[in-house]
Amino acid sequence: MRPTPAGTRRTPRLRAALLALLIAGAGTSLSGAPAQAAPRMDTSQFKGVNWADPRDNFADDPVVLSGLSLSDSYAQTYTKSSRVISAFRANLGANTVRLPINPYTVNGTYWKSYRAVIDAASAKGFKVILSYWEGTGPRKDGFIDDQATYWPMWNTVVKAYKSDRNVYFEPMNEPHGYTDTEWADLAAKWLDTYASVPRGRVFVSGAGYNDHVTTVCADPRLKGTYLSLHHYGFWKEYATYDQWVADLKVRIGDCANRTVADEFGAHMTTGFDYNKPAPDNNFVNYMQAVTDTFRELKMGSVYWPGLRTGDTYSLQTLTGAPSRPWLATTNQSGADRLAWAWGRGKAVRP
């Protein structure tokens, strides 16, 4: 859920030089044996939510998910995570969770505890999407912050989870610093570096702010991967239901059979009723349009955020003792629209 950041953009020449260094310095390959043949794409299997750090996952230190603590042991993190994951399933019917990673989390001491989140979700049968987030401040520019720590991070993550069929890998969240071609080159390099990972367990982000998948979809080097799309109502001051449907479909093109919307969302704590038409309300138009479209196209979707403390978009909020958390739904009509996108529930009432 990110608006375009302010600040100085790097020149194309510098950007290309940085990309060359990044690709040249990919570090130790974990390619191993050739990847297995990609399975038939079925994006509708992903019915999920994002679980986020209160800081929006952009951090120059370890990411600490809402409800967790940097001081928690593996066992404490596992207990808390198991309950949160169970609540996502009980309250929303989710089977997927998207989690952030960064080098500070993986390459440091917190990794031992943070692994408990992934392990707990996988043990409950959840699909887990691990996505790299860049840092904040001047580092929040749409580029990988530091290739010298990025590749070792992925070496560690892939080594730990390449054999876990519930775990999926997303090389970067919102790579908007790169041109479409540069991003496709980098995604292809990731696939070559980790060729032992089946392509059907990789999410290649759409270019820009994950805001269109048409260019990565057309690249034959990325064949067999899932594609991740982001789509938000705040991108327009106002649009009708039909305009939102059209806006979403042009970003997907003919690639719906590979695409998962792994971020989309709207205000949930402000009292909006998403179960009734409200033509003058941009966010109601948006939420009804995108969930109808996901259902129509049989696309998977992962709401932003399922849980993030302090975010008006958060569909869940923490309840209970901090050591044994549970979740409550902040907007039942929002949960209803999510269920509809996932193939359950009822259409919008007139």
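Here, residue 1 is the first one in the sequence, and each next residue gets the next number. Keep in mind that the numbers below use all heavy atoms, side chains included, and drop hydrogens, waters and symmetry copies.
Closest approach of N173 and N210 over heavy atoms only: C-OD1, 3.8 Å. Here the closest heavy-atom approach between residue P277 and residue R349 is recorded as CD-O, 2.7 Å. Closest approach of G135 and D60 over heavy atoms only: CA-OD1, 3.3 Å. L186 and I144 get closest at one heavy-atom pair: CD2-CD1, 3.5 Å. Contact between R98 and V302 at its shortest, heavy atoms only, is CB-CG1, 4.0 Å. In plain terms, the two heavy atoms of P103 and T149 that are nearest each other are CG-OG1, 3.6 Å.
Contacts of T269 classified as side chain to side chain donor-acceptor pair (under 3.5 Å), with partners at least two apart in sequence or in another chain: none. Not counting sequence neighbours, T79 has no partner by the side chain to side chain donor-acceptor pair (under 3.5 Å) test. Residues meeting the salt bridge (Lys or Arg N to Asp or Glu O under 4.0 Å) test with E134, sequence neighbours left out: none. Applying the salt bridge (Lys or Arg N to Asp or Glu O under 4.0 Å) test to D336 and every residue at least two apart in sequence or in another chain returns nothing. Contacts of W340 classified as side chain to side chain donor-acceptor pair (under 3.5 Å), with partners at least two apart in sequence or in another chain: D292. Residues satisfying the salt bridge (Lys or Arg N to Asp or Glu O under 4.0 Å) criterion with R344, sequence neighbours excluded, are absent altogether. Residues passing the salt bridge (Lys or Arg N to Asp or Glu O under 4.0 Å) test with D61 are R55, sequence neighbours excluded. Take S314 and apply the side chain to side chain donor-acceptor pair (under 3.5 Å) test, not counting sequence neighbours, and it matches no residue.
Checked by atom type, the side-chain pair Q316/T330 shows no donor-acceptor distance below 3.5 Å. With hydrogens and angles left out, the side-chain atoms of D180 and T215 include a donor and acceptor closer than 3.5 Å.
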Could you go through H231 and Y286, starting from their C-alpha distance and side-chain angles, then the distance that decides it, and tell me whether this counts as ring pair (Phe, Tyr, Trp, His ring centres under 6.0 Å)? CA-CA 10 Å; H231 195 256; Y286 158 82; 5.7 Å; yes

Please assess D192 against R221 for the test salt bridge (charged side-chain N to carboxylate O under 4.0 Å, His left out), listing each intermediate value before the final yes or no. CA-CA 9 Å; D192 288 344; R221 297 172 299 171; over 6 Å; no

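Applying the salt bridge (Lys or Arg N to Asp or Glu O under 4.0 Å) definition to pairs two or more places apart or across chains, those involving residues 72-90 are D72-K80. Among residues at least two apart or in separate chains, salt bridge (Lys or Arg N to Asp or Glu O under 4.0 Å) pairs with a member in residues 224-251 are K236-D247, D247-R251, K249-E296.
Between R139 and D146 there is no salt bridge, since no side-chain nitrogen of the basic residue lies less than 4.0 Å from a carboxylate oxygen of the acidic one.
In summary, the aromatic rings of F46 and Y226 are positioned with their centroids under 6.0 Å apart. Between F169 and Y132, the gap from one ring centroid to the other reaches at least 6.0 Å. Aromatic ring centroids of H230 and Y209 lie 6.0 Å or more apart.
Among the candidates Y303, W304, Y232, the single residue satisfying the ring-ring contact (aromatic ring centres under 6.0 Å, His included) test with F264 is Y303.
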Counting only pairs under 3.5 Å, give me each side-chain donor-acceptor contact of residues 117-126, with atom names and distances, residues two or more places apart or in other chains.
residue: D119; atom: OD1; partner: Y161; partner atom: OH; Å: 2.7
residue: D119; atom: OD2; partner: Y74; partner atom: OH; Å: 2.7
residue: S122; atom: OG; partner: D164; partner atom: OD1; Å: 3.2
residue: S122; atom: OG; partner: D164; partner atom: OD2; Å: 2.8
residue: S122; atom: OG; partner: N166; partner atom: ND2; Å: 3.2
residue: K124; atom: NZ; partner: S86; partner atom: OG; Å: 3.1

Donor-acceptor pairs under 3.5 angstrom involving side-chain atoms of residues 317-327: please list them, not counting sequence neighbours.
residue: T319; atom: OG1; partner: W326; partner atom: O; Å: 3.2

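For the pair T43 (side chain) and G300 (backbone), a donor-acceptor distance under 3.5 Å is present.
The distance from atom CD of Q147 to atom NZ of K189, rounded to the nearest 0.5 Å, is 11.0 Å.
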